[in-house]
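Heads up, the thing below is written out as C-alpha cells.
Predicted model, so just to flag it, every value in this text is computed and none were measured.
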Amino acid sequence: MALEYRLESKNKNLKLMTKLLDDLPPYVKTFINVNEVTKSDNTLLSYTRDILEFAKHLKNNTEELKEKELTELEISFFESLSKFDIKEYERYLSTTKKLSNASIKRKLSSLAAFYKYLVEYHQIKQNPLLNYSYPKAETQPITYLTAEQTKELLEGVKRNDKKLIEQPTGRFTKDKEPIMELVPIDLTPLEKIQKEQTTSRDYALMVLFLGTGLRVSELVGIDLKDINFDEQYVSVVRKGKGMSVDRVYFGDEVKHALKEYLDGAEIPMETLSAYPTSLLSFCASNAMSENYLDLALSEFNFDNEGFEDDLESICKAVRNPGRAGFSPDYGEDALFLSSKGTRLPVRLVEKIIKEKVLTYLPDLKDKNKISPHKLRSTAATRLLSQTDNILLVSKILGHTSPAVTAKHYAELQDKKEKAQLASLGISDW
C-alpha cells in the first residue's frame with residue numbers, strides 16, 4: 001500500500017543523508033541522530049544539506065580552512081562565528097545564490113537547530129543565531145484556478161485535442177537570439193489516436209488532485225489497494241515523523257474518473273490495427289459525442305464493413321485503454337503508471353500538469369506558476385468556499401492544525417466574512 005512506497009522513499013532519503021554525512025564532522029551525525037526521534041526523514045535530509053552547504057561556504061571563504069577537510073572542522077570554529085558571519089552567509093545566499101527570503105529563512109532555521117544542539121550537548125557559549133533577525137519572507141498570494149478555469153482545464157484534458165509547439169515571439173535576447181514561446185495548436189486525427197493512451201490517466205490524475213487536495217508525494221504513492229470505491233476514500237501516508245495513514249474521502253466525479261481509468265477498454269490497443277484507420281480517426285474525434293453512433297451510421301457502410309457491433313468497443317479502446325494500456329510491470333501496484341509500466345514519478349506529474357495548464361488555459365495569468373501544489377490550493381479554496389468548514393478542510397489537506405489552514409487562506413476567509421457582513425441588515429433581524 002501507500003505506506004510501503006513511503007517507507008521506500010524514506011530509505012532512499014536515509015541512504016542519501018548517510019552519504020552526505022560522510023563529508024561532515026562526526027558531531028553533525030550525532031545532531032541528526034538526536035533529532036530523528038521527533039523529525040521526519042525529509043527534515044533531517046534538509047538539515048544535512050543545509051549544514052553541508054554552510055560548511056562548504058565557510059571552507060571556501062576562510063583562509064585557515066582551505067587546506068582542511070570538512071570532516072576536520074572543529075566545534076570551536078562554529079562557536080567562534082558571530083552574527084556578522086551569519087549575516088554574510090545570508091547575503092551570499094541572497095546575492096550569489098539568488099534565493100528567496102523564504103528559502104534563506106529555511107536554511108538559517110536549519111543552522112539554528114544545529115546551534116541549539118551544540119549549546120545543549122556540547123556547551124558552546126556563543127550562538128550567533130540566538131535572537132537573530134531573519135529575513136522577512138515575502139507574503140505570496142494564494143494561486144488557484146477559478147471554477148470556470150477548472151472546468152475549462154478538465155474539459156480540455158478530457159478532449160485531449162491540442163499540443164504545444166514552440167514559435168518565435170518576434171522579440172530577441174541581448175545576444176540577438178529569437179525568444180520562443182509555447183502555443184497550443186490542434187492535433188491531427190492520427191496524433192490524437194497516438195495520444196489517446198494517456199487521456200484517461202491524466203484526466204483521473206487531475207480530477208483526483210482537484211477533488212481531494214492531495215500532495216503530489218501522496219498521490220504518486222497510492223496503490224490500487226489503497227482505493228475504496230464503496231466508501232469512496234483513498235488511503236494516503238501523510239508527511240511527518242509518524243507517517244500516519246489517513247483516509248481522504250472523494251466525491252462522485254473522482255470516483256467516475258478513477259473507474260474509467262482503471263476499467264479501461266475491452267479491446268487491447270495492439271488489436272486495433274485490424275480496423276480501418278478512417279474508423280479509428282472517427283472514434284478519436286467523436287467518441288465523446290452522445291450521438292457518435294448516429295454519426296458513424298451516416299459515414300460508414302456497416303453492411304459491407306461488418307464491424308457495426310464492435311463500434312462502441314473500438315471507440316472506447318481508442319479513447320480509453322485504461323491502466324492496463326501502460327503494461328504494468330509484474331507486481332506493480334501503483335495507481336498511476338508511466339509509459340514504462342512503473343510508478344509515475346513526481347517530476348513527470350509536475351510536467352504533465354504544467355503541460356496541460358499551458359495547453360488548455362493559454363490566457364491564464366501567471367500560468368507558469370501552476371503546479372501540483374497550486375492544484376492543491378485550488379482544491380482547498382473550493383472546499384472552503386463550499387463548506388465554510390475550516391476544520392474539515394484542514395483534515396482533508398493533512399495540516400498539523402486548523403491554524404495552519406487559517407493562516408494560508410486568511411484572505412479567502414476575510415472575503416467571505418466581508419460578504420456576510422455586507423448582507424446583514426441593522427433593523428431587519
Side-chain angles (χ1 to χ4, degrees), residues 9-138 140 173-175 177 239 241 346-347 350:
S9 176
K10 178 180 179 179
N11 288 333
K12 288 181 180 178
N13 283 344
L14 293 176
K15 286 181 180 179
L16 176 57
M17 187 166 59
T18 300
K19 185 176 181 180
L20 295 176
L21 286 171
D22 287 340
D23 295 328
L24 286 164
Y27 51 85
V28 178
K29 182 176 182 180
T30 307
F31 159 69
I32 296 298
N33 292 341
V34 167
N35 281 277
E36 70 179 358
V37 177
T38 56
K39 305 296 182 182
S40 71
D41 56 289
N42 289 309
T43 300
L44 296 176
L45 181 57
S46 294
Y47 281 171
T48 306
R49 282 173 167 159
D50 294 339
I51 294 171
L52 180 59
E53 182 178 10
F54 181 55
K56 286 181 177 179
H57 174 76
L58 294 174
K59 175 178 169 61
N60 293 334
N61 292 276
T62 307
E63 198 63 39
E64 62 184 276
L65 297 181
K66 287 184 177 180
E67 302 301 323
K68 284 190 174 184
E69 297 292 334
L70 289 179
T71 52
E72 300 173 332
L73 202 59
E74 297 177 355
I75 292 177
S76 59
F77 179 80
F78 285 103
E79 186 176 15
S80 70
L81 299 179
S82 65
K83 277 185 169 59
F84 177 78
D85 295 312
I86 302 299
K87 189 58 69 176
E88 280 295 300
Y89 180 59
E90 179 186 325
R91 187 179 65 81
Y92 159 77
L93 293 175
S94 177
T95 59
T96 303
K97 300 279 288 187
K98 307 294 184 183
L99 298 184
S100 66
N101 282 359
S103 296
I104 295 172
K105 185 176 181 180
R106 187 197 60 76
K107 288 180 177 292
L108 294 181
S109 295
S110 295
L111 297 181
F114 179 54
Y115 265 98
K116 183 179 178 181
Y117 156 79
L118 293 178
V119 169
E120 185 174 354
Y121 287 85
H122 295 274
Q123 287 76 50
I124 68 169
K125 305 299 181 184
Q126 175 76 6
N127 181 357
L129 282 150
L130 184 64
N131 300 322
Y132 187 82
S133 297
Y134 291 94
K136 185 176 181 180
E138 306 88 344
Q140 298 290 344
T173 66
K174 292 181 179 179
D175 299 326
E177 293 292 330
K239 293 173 67 176
K241 173 64 183 174
V346 169
R347 288 189 178 181
E350 294 170 342

Legend entry - Minimum side-chain heavy-atom gap Tyr27-Tyr117 below 4.5 Å: yes

Legend entry - Closest approach of Leu44 to Lys39 (non-hydrogen atoms, all atoms of both residues): CD2-CB, 3.8 Å

Inset, instruction - For Lys66, look at atom NZ and say whether over 12 heavy atoms of other residues, nucleotides or ligands are found less than 6.0 Å away. - result: yes

Legend entry - Name of the residue among Leu70, Asn60, Leu73 meeting side chain to side chain contact (heavy atoms under 4.5 Å, CB included) with Leu65: Leu73

Legend entry - Distance-minimising heavy-atom pair for Lys59 and Glu69: NZ-N, 4.5 Å

Legend entry - Lys97 side, atom NZ; Ile104 side, atom CD1 - distance, nearest 0.5 Å: 11.0 Å

Legend entry - Check ion pair Glu350-Arg347 (N to O, under 4.0 angstrom): no

Inset, instruction - Report yes if some heavy atom in the side chain of Ile124 is under 4.5 Å from a heavy atom in the side chain of Phe78; otherwise report no. - result: no

Inset, instruction - Answer yes or no: is there a side-chain heavy-atom contact under 4.5 Å between Ile86 and Tyr132? - result: yes

Legend entry - Shortest non-hydrogen contact between Leu81 and Gln126, atoms and distance: O-CG, 3.4 Å

Inset, instruction - For atom NZ of Lys116, decide whether the heavy atoms of other residues, nucleotides or ligands shown that lie under 6.0 angstrom number more than 12. - result: no

Legend entry - Heavy-atom check, side chain of Ser9 versus side chain of Asn42, under 4.5 Å: no

Legend entry - CZ-OG distance between Arg106 and Ser100, expressed to the nearest 0.5 angstrom: 9.5 Å

Inset, instruction - Please report the closest heavy-atom contact between Asp50 and Tyr89, naming both atoms and the distance. - result: O-OH, 4.4 Å

Inset, instruction - To the nearest 0.5 angstrom, please state how far the OG atom of Ser133 sits from the NZ atom of Lys87. - result: 6.0 Å

Inset, instruction - Using a 4.5 Å cut-off on heavy atoms from C-beta on, say whether the side chain of Tyr92 contacts that of Glu88. - result: no

Legend entry - Option among Leu24, Val28, Thr43 that satisfies the side chain to side chain contact (heavy atoms under 4.5 Å, CB included) test with Thr48: Leu24

Legend entry - Check: Leu130 and Tyr115 side chains under 4.5 Å, non-hydrogen atoms: no

Legend entry - Ser80 (side chain) donor-acceptor with Phe77 (main chain) under 3.5 angstrom: yes

Legend entry - Lys105 atom NZ, neighbour heavy-atom count above 12 within 6.0 Å: no

Inset, instruction - Evaluate the side-chain proximity of Lys107 to Leu99: yes if any heavy-atom separation is below 4.5 Å, no if none is. - result: yes

Legend entry - Pairwise distance OG1(Thr62) to NE2(His57) - rounded to 0.5 angstrom: 7.5 Å

Legend entry - Nearest heavy atoms of Ala112 and Tyr134, plus distance in Å: CB-OH, 3.3 Å

Legend entry - Straight-line distance of Leu14 CG to Glu36 CD, nearest 0.5 Å: 8.0 Å

Inset, instruction - Please confirm whether Phe54 and Phe114 have ring centers closer than 6.0 angstrom. - result: no

Inset, instruction - Provide the closest heavy-atom pair for Leu45 versus Met17 in the form atom of the first, atom of the second, distance. - result: N-SD, 3.8 Å

Legend entry - Side-chain heavy-atom pair Leu118, Glu79 within 4.5 angstrom cut-off: no

Legend entry - Spacing of Leu93 atom CG and Glu53 atom CD [to the nearest 0.5 Å]: 6.0 Å

Legend entry - Check ion pair Lys56-Asp23 (N to O, under 4.0 angstrom): no

Inset, instruction - Taking atom types as modelled, find out whether Ser82 and Asp85 have a side-chain donor-acceptor pair closer than 3.5 angstrom. - result: yes

Inset, instruction - Mark yes or no for whether Glu67, through its side chain, and Glu64, through its backbone, hold a donor-acceptor pair below 3.5 Å. - result: no

